[in-house]
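Notes follow the structure.
Note that the structure is a prediction, hence the values are computed from the model and not measured. We use all heavy atoms of the structure for the numbers below, so side chains are in, but hydrogens, waters and symmetry mates are not.
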Amino acid sequence: MDRNQFLHWLEQIYSTRDKEIDCEKLREFLPAYVDFEVTKSSQTPTGDRLELVAVHLAQCPDCAEEHAALFTVARMLADRADSGATVVV
């Protein structure tokens, strides 16, 4: 582990909060979170849950990558639906 990795690791430890979710729990919440982001839905996911997902995504590169992929697909589907194009899933 080089110095930068070590400092990043320390930063992650010190940014740990009392309430956090793990990757498995995030995957449970992720579809609703992405749906909220894409549709700007008036049905906001529970405030605590929304914050927990955002914090986890900021700290976990694997989950952030999964979020980005899911968001991209959801955004493309929403754009097609808005344009009236047929959406085949």
Side-chain angles (χ1 to χ4, degrees):
M1 177 181 298
D2 68 21
R3 184 182 190 318
N4 288 337
Q5 289 172 318
F6 178 73
L7 291 174
H8 179 71
W9 178 72
L10 277 178
E11 182 181 307
Q12 295 302 314
I13 289 172
Y14 285 111
S15 67
T16 301
R17 298 175 181 217
D18 290 337
K19 286 178 141 184
E20 288 192 349
I21 57 174
D22 60 15
C23 296
E24 185 177 331
K25 198 63 164 172
L26 177 107
R27 286 186 193 97
E28 232 177 86
F29 299 151
L30 195 55
Y33 183 81
V34 168
D35 187 47
F36 169 73
E37 289 181 307
V38 169
T39 64
K40 305 294 187 228
S41 172
S42 60
Q43 269 203 288
T44 307
T46 306
D48 284 348
R49 192 176 294 171
L50 189 66
E51 182 182 348
L52 292 173
V53 169
V55 167
H56 185 93
L57 290 173
Q59 295 178 349
C60 180
D62 292 337
C63 289
E65 185 178 327
E66 187 171 338
H67 166 261
L70 186 58
F71 181 83
T72 298
V73 170
R75 181 77 256 157
M76 286 186 331
L77 291 173
D79 288 347
R80 284 190 162 190
D82 289 346
S83 71
T86 304
V87 177
V88 179
V89 180

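Heavy-atom neighbours of Q5 CD from other residues, nucleotides or ligands within 6.0 Å: above the threshold of 12.
With sequence neighbours left out, the side chain to side chain contact (heavy atoms under 4.5 Å, CB included) criterion links A74 to V34, V38. For N4, the side chain to side chain contact (heavy atoms under 4.5 Å, CB included) test picks out D2, with sequence neighbours left out. Looking at residues two or more places apart in sequence or on another chain, you find no side chain to side chain donor-acceptor pair (under 3.5 Å) involving H56.
For residues 53-78, every residue pair satisfying the salt bridge (Lys or Arg N to Asp or Glu O under 4.0 Å) rule, not counting sequence neighbours, is listed here: R27-E66, R75-D79.
The CG atom of L57 lies 12.0 Å from the CZ atom of F29; values are rounded to the nearest 0.5 Å. Once rounded to the nearest 0.5 Å, the distance linking SG of C23 with CG of L30 reads 11.0 Å.
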